[in-house]
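Inspection log for the structure reproduced underneath, given as structure tokens.
Here is the naming used below: chain letters follow the sequence lines, and residue numbers restart at 1 for every chain. FYI, side chains are in, hydrogens and waters are out, and symmetry mates aren't considered; it's all heavy atoms of this structure.
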Amino acid sequence: MRRLINQYPSVLNRLLLAVLPFALVFLAYAVASEARLADNPADKLLPAWATIQAAIIRMGFVPDMRTGDFLLYVDTMASLERLAIGVAFATVIGGIIGILQGLIPYVRAMMVNFTSVVSMIPPLAILPILFITFGLGELSKVVLITFGILPYIVRDLAQRTEEIPHEQIIKAQTLGASTWQIILRVVLPQMLPRLIDSVRLSLGSAWLYLIAAEAIAAENGLGYRIFLMRRYLAMDVILPYVFWITFLAFTLDFILRFTQRSLFRWMYRGQA
Amino acid sequence: MSSVCVENVWKSYGRQTVLERISFTVEQKSFIALVGPSGCGKSTFLRMLLGDEAPSKGRILIDGEPLMAEPSPDRGVVFQKYSVFPHLTCLQNVMLGLELAAAPRLGILLGRRRREAKDISRAMLGNVGLGAAENKYPSELSGGMQQRLAIAQALVKKPKLLLLDEPFGALDPGIRAGVHETLLELWHETGMTVFMVTHDLSEAFKLGTRVIAFDRRHTRPEEMEAYGATITFDLPVYHPVPKPPEIIPVFAEELDEKAVRYKAAV
């Protein structure tokens with residue numbers, strides 16, 4: 001018998017094993033839901049599949065009685081817009097500051113302590129400040145997302161920039177590159193894929209800040225809806241919304257990964 | 001085609017002296033091999049020639065001019081690793097030097113000037129035997145090919161000095177011999193001055209026209225801090241089968257000059 005660390009599952013087994021935990025969760029839910037509903041048919045905590053299905057149709061495919069909108073669609077668009085704007089700002093600002101901090105000693109001397117102190121501020125703690133300063137509208141939510149993930153992106157990118165071998169920077173200078181040309185032709189092209197990685201890793205936090213901001217003050221959005229539904233214990237709506245948010249997050253991650261792979265083939269070539 | 005004059009150069013980090021009393025003069029079109037045990041400061045000396053580090057005392061002159069205190073296009077360099085840019089293909093790597101000079105703002109050439117830069121770069125890639133690999137990324141090349149690419153990339157700028165920091169240390173012997181050939185050919189063609197740091201003595205004597213050895217003269221523990229390495233050997237190398245002088249215009253001119261001077265003296 002070989003050691004456990006040397007045993008590899010076959011392709012089929014790998015697939016089955018990958019599905020297993022998901023299946024177990026669904027099974028556990030089904031069993032628990034069945035048991036509770038048998039006890040009390042009006043139970044709201046673990047709704048039956050049929051109830052959830054009805055809620056999905058109600059939220060996604062039937063216009064709302066009051067506004068005439070498809071609520072799931074409106075919520076999704078509102079949330080994605082906030083997320084996209086917040087993340088885009090953080091990406092651009094973080095990219096610029098990170099590269100400059102990593103490459104230019106004067107900028108590093110000025111920024112390195114500042115960014116590490118700022119990154120220690122819990123973003124949710126300044127949410128009240130944002131609401132007071134920017135009002136309860138879209139701006140404060142976008143600023144929260146940007147502020148929440150910006151320090152990580154700056155620090156990550158500064159570090160990646162510092163990791164570019166010194167030899168390359170020297171070589172670029174012997175080819176006559178100015179500081180600006182080094183940024184443009186040597187550092188930036190190598191940092192763009194790293195920036196995408198950095199954004200991917202901070203998307204989880206971005207969602208957290210989005211939902212937190214929406215939960216506290218909003219008129220629509222995925223976070224707003226699930227916190228609104230909490231008042232009615234409407235698990236039949238909350239559960240599909242959580243699924244939908246997970247699906248969106250996963251899709252965004254996949255798109256970013258795919259974009260990186262196809263735009264920056266040099267990173268993956270020759271790695272058998 | 002540059003002469004290099006090193007005048008009493010010292011280098012120390014804090015209280016640790018690394019190099020001391022380094023003085024020598026190098027004629028143009030020399031191939032200097034710098035040898036010595038590891039930690040003797042030969043790479044430090046190369047970085048000073050490069051302008052990446054400044055001497056603590058003394059100075060280095062190129063063609064009578066003090067060295068620029070930062071790396072510049074008159075000095076090309078090839079390191080053991082990381083000398084080429086991973087995000088550019090072979091052709092783009094070689095073109096980069098031309099593009100940076102011709103397009104100060106964006107560093108990218110377009111249209112006719114791009115085609116010209118491409119032609120020059122293709123020829124250069126051909127010279128180092130990478131003509132077929134122009135669209136490959138460095139990660140797809142073998143170690144030897146990467147070093148060939150680094151040489152092509154440096155030479156497209158027509159540097160006065162070519163600085164090599166253990167360039168072939170990571171290569172297999174067979175591949176190494178091939179790159180040696182290419183390097184010698186290019187050196188004969190361009191007439192640049194080459195400095196090569198190596199820990200391989202046979203390589204030093206095979207390629208160099210002059211081998212300079214750095215070592216510490218004082219090795220007792222209490223002396224290690226105060227004394228640095230200095231030149232312990234400086235040997236001209238006689239190459240029994242030199243390239244025939246008539247195919248090297250520069251060399252031929254030199255011979256003519258010598259002949260004229262000789263006649264005048266007689």
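- No side-chain donor-acceptor contact under 3.5 Å links B:E134 to the backbone of B:L91.
- Using a 4.0 Å cut-off between charged side-chain N and carboxylate O, A:E167 and B:K81 make no salt bridge.
- Of the listed residues B:G76, B:A103, B:P86, the one with more heavy-atom pairs under 4.5 angstrom with chain A than any other is B:P86.
- Both the backbone and the side chain of A:I170 come within less than 4.5 Å of a heavy atom in chain B.
- Looking at B:L207 and B:W187, their side chains never come closer than 4.5 Å, going by heavy atoms from C-beta outward.
- Aromatic ring pairs are classed by plane angle as parallel below 30°, tilted from 30° to 60° and perpendicular above 60°; the pair A:F264 and A:W266 is perpendicular.
- Taking non-hydrogen atoms and a 4.5 Å limit, the residue list of residues 148-157 of chain B in contact with chain A, ordered by number, reads B:A150, B:Q153, B:A154, B:K157.
- Distance alone, capped at 3.5 Å, is enough to place a donor-acceptor pair between the A:T259 side chain and the A:I255 backbone.
- The greatest number of non-hydrogen atom pairs below 4.5 Å with chain A, out of B:V78, B:T89, B:D74, B:I108, is found for B:I108.
- In this structure, chain A has a heavy atom under 4.5 Å from the side chain of B:L88, while its backbone stays farther away.
- Salt bridge A:K141/A:E214: absent, no basic N to carboxylate O contact under 4.0 Å.
- Relative ring orientation between B:F214 and B:F45 is described as perpendicular, the plane-to-plane angle rising above 60° on a 0-90° scale split at 30° and 60°.
- Ring geometry, A:W244 versus A:F247: the interplanar angle falls under 30°, so the pair is classed parallel (tilted spans 30 to 60°).
- Of the atoms belonging to B:L106, heavy atoms from both backbone and side chain fall under 4.5 Å from chain A.
- The side chain to side chain donor-acceptor pair (under 3.5 Å) test with A:Q190 is passed by exactly one of A:Q168, A:R160, A:E163: A:Q168.
- Using a 4.5 Å cut-off between heavy atoms, B:F79 contacts chain A through its side chain alone, with no backbone atom that close.
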